[in-house]
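For reference, the structure is listed below as structure tokens.
Side chains included, hydrogens not; waters and symmetry mates left out as well; all remaining heavy atoms used.
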Amino acid sequence: MGTWPVIRTIAKRELSAYFESPVAYVFLVVFLLLAGFFTFSLGGFFELGEASLNSFFTWMPWLFLFLVPAVGMRLWSEERRLGTIELLLTMPVTTWQAIIAKFVASWAFLAIALALTFPVVITVNWLGDPDNGVIIAGYVGSLLLAGTFLSIACLTSALTRNQVIAFILALMICLLLILVGFAPVTTMLSRFADVWVVDTIASFSVLTHIEGFQKGVLDTRDLLFFFSVMAFSLFTTGVVLRSHRAG
Amino acid sequence: MIKVESLSKAFGDKRAVDDVSFEVRKGEVLGFLGPNGAGKSTTMRMITGFYPPTSGKVSVCGFDVTEQPIAAKKTMGYLPEAAPSYQEMTVLSFLKFAAEMRGLRGDAQRSAIRRVVDTCHLDKVLGQTIDTLSKGFKHRTCLAQSIIHDPEVLVLDEPTDGLDPNQKHEVRTLIKRMGETKAIIFSTHILEEVEAVCSRAMIIDRGRVVANGTPEELKAMSTRAGAVLVTLQGASADTVRARLSGIAAIGRVEILNSQDGRVMLEAFPAANAGADRDALAGRIAELAIRESWTIQQLKTEEGRLEEVFRSITMPDTHPAKGAE
């Protein structure tokens with residue numbers, strides 16, 4: 001069997017595993033409620049008085065910070081805890097095929113969650129006349145951000161059999177990736193460091209790179225950032241999984 | 001079909017498997033014996049390509065497991081220890097997944113699933129999720145997964161663990177039947193299983209192969225092999241012992257039980273008995289007839305696998321005498 005049928009088979013199993021447990025529905029409901037809460041209450045959607053989804057997308061990184069590690073924490077830790085990893089990797093697949101397949105499945109699940117926020121798009125289009133190009137860019141950015149956080153959760157879940165530890169580790173790393181570009185932090189840093197140092201540090205932040213998408217600008221440097229974090233995390237996941245078995 | 005050449009695996013400083021070599025041909029069932037932690041599972045994990053070996057080579061159906069892992073894995077079915085499976089899936093969806101992973105689709109998939117469901121008696125639980133199943137069903141579900149693609153090579157890590165006696169018997173029969181056309185390796189703690197199923201048995205201890213042969217050959221290594229167990233009526237222990245010492249081929253006599261003129265004893269052949277070993281039971285019978293003792297029981301021991309196992313894997317302790 002070729003590469004793609006195998007990846008599709010594993011991804012299909014993985015995705016349906018989300019929906020076979022009630023956790024998926026709980027997750028979707030929590031995500032949608034929080035997204036609504038952030039957009040309309042904290043984000044002040046109506047008070048802004050503009051036809052845009054800025055208040056929706058600005059809060060996305062903070063929402064994903066908690067929810068994406070929750071989705072990704074079981075990816076490998078569960079396989080290792082139950083011993084099914086032995087079953088999976090002795091079937092005719094390579095480790096990287098399995099990693100990609102599981103990652104893609106979870107990413108698809110997050111994409112479904114994002115897609116279910118469509119009522120806000122309808123709302124804003126009904127109330128006013130927003131720039132839908134910007135909204136699409138905002139969604140693309142959010143999806144890439146979700147993928148980036150997910151790849152980190154994938155890595156931390158390969159490190160431990162314990163899902164809680166995987167969750168906390170992923171959350172810490174993602175938090176770091178947010179904070180280094182968070183305005184209050186960069187302002188504080190600029191008090192004792194040169195501008196170029198602060199800029200260099202901030203360039204590692206997801207906030208810095210998602211900004212463009214939220215303004216409707218697709219910059220290849222931003223794309224490159226997200227994809228390279230994903231590639232690095234998934235590659236390291238492979239190294240970690242191999243090292244468990246190498247002894 | 002399975003060829004293992006000086007295979008070793010180290011975890012840190014600990015050598016879990018140390019220079020193990022063997023071969024399993026088509027139509028052979030190899031029983032893997034050894035105490036817990038002897039390296040049975042580690043060896044099996046290396047054969048199935050889950051663990052990369054520290055050194056040495058494994059090839060399955062001519063494919064090197066390290067260099068052509070996908071081709072090698074295709075020819076193998078594997079039942080890991082403790083039979084893991086995806087708990088939230090139903091038995092049917094799990095088997096579909098396993099079949100699809102093995103490249104079986106459409107009609108081929110349906111007939112493969114039907115075959116393993118019949119073989120492993122899973123028809124009653126097809127729609128149930130695996131986490132609601134009893135241990136026996138979980139085990140058989142995982143076993144079904146391992147034979148779904150009718151592999152040429154089967155690696156089964158403790159296939160009868162946790163099954164009730166009837167299920168054990170069924171799995172043994174299944175292994176024996178499949179063993180006629182496949183190459184099978186299975187590990188077990190149950191020695192009678194080895195005698196019932198295996199064409200060859202291997203004992204490993206502390207990562208090394210310490211014995212390898214047919215179950216009969218292994219049993220012959222027992223100190224009891226060739227000993228004659230007799231129960232006689234109509235004589236006292238002392239007279240029997242005195243008369244038996246007249247037979248040259250007997251080295252040592254052990255009285256197991258003696259009461260009311262009934263003597264139960266075991267006569268061990270002398271080290272230099274040679275061909276007379278096999279005639280020992282006959283000699284004792286002749287003696288008993290001459291002395292007009294009644295023979296209630298007369299039996300030449302084949303040797304006990306359990307005793308061989310203990311004496312090999314625990315050389316410091318003496319085998320338990322008269323355990324039964």
| query | Looking only at heavy atoms, which two atoms of A:R245 and B:G49 are closest? And how far apart? | reply |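 Where A:R245 meets B:G49 most closely, the heavy atoms are NH1-O, 4.1 Å.
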| task | Give the minimum heavy-atom separation between B:S8 and B:D19, together with the two atoms involved. | result |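 Heavy atoms only, the tightest pair is OG-N, 2.9 Å.
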| query | Between atom CG of A:L34 and atom OG of A:S41, what is the distance when rounded to the nearest 0.5 Å? | reply |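 It is 11.0 Å, given to the nearest 0.5 Å.
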| request: Tell me, for B:A82 versus chain A, whether the close heavy atoms (under 4.5 Å) come from the side chain, the backbone, both or neither. | output: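 For B:A82, there is no contact with chain A at all, as no heavy atom is under 4.5 Å.
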| query | Checking heavy atoms, do the side chain of B:P80, its backbone, both or neither come under 4.5 Å from chain A? | reply |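 Both parts, backbone and side chain.
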Given that the side chain runs from C-beta out, which part of [X] has a heavy atom under 4.5 Å from chain B: side chain, backbone, both or neither?
X: A:E20; answer: side chain
X: A:E79; answer: side chain
X: A:S21; answer: neither
X: A:T94; answer: both

| task | Using a heavy-atom cutoff of under 4.5 Å, enumerate the residues of residues 126-160 of chain B that contact chain A, numbered in order, or state 'none'. | result |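 When heavy atoms of chain A are the reference, residues 126-160 of chain B contributes B:C142, B:Q145 within the under-4.5 Å range.
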| Looking at A:Y18, is A:R74 sitting on its ring face, NZ or CZ under 6.0 Å from the six-membered ring centre and within 45 degrees of the normal? |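 Satisfied, under 6.0 Å and within 45°.
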| task | Test A:F225 against A:F204 for ring-ring contact (aromatic ring centres under 6.0 Å, His included), laying out the working first. | result | CA-CA 8 Å; A:F225 170 80; A:F204 285 102; 7.5 Å; no
| message | Can you confirm whether B:R15 sits close enough to B:T54 that some side-chain heavy atom of one is under 4.5 Å from a side-chain heavy atom of the other? | response |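 The answer is no, as the side chains (C-beta and beyond) never meet within the 4.5 Å cut-off.
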| Can any side-chain N or O of A:R80 pair as donor or acceptor with the backbone N or O of A:A158 at less than 3.5 Å? |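 Yes, the answer is positive, given that a donor and an acceptor are paired below the 3.5 Å cut-off.
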| field | Exam field: side chain A:T148 to backbone A:M230, donor-acceptor pair closer than 3.5 Å | value |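 Not confirmed, A:T148 side chain does not pair with A:M230 backbone.
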| field | A:W62: which of A:F149, A:F182, A:F37 passes ring pair (Phe, Tyr, Trp, His ring centres under 6.0 Å) | value |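 With A:W62 as partner, ring pair (Phe, Tyr, Trp, His ring centres under 6.0 Å) holds for just one option, A:F182.
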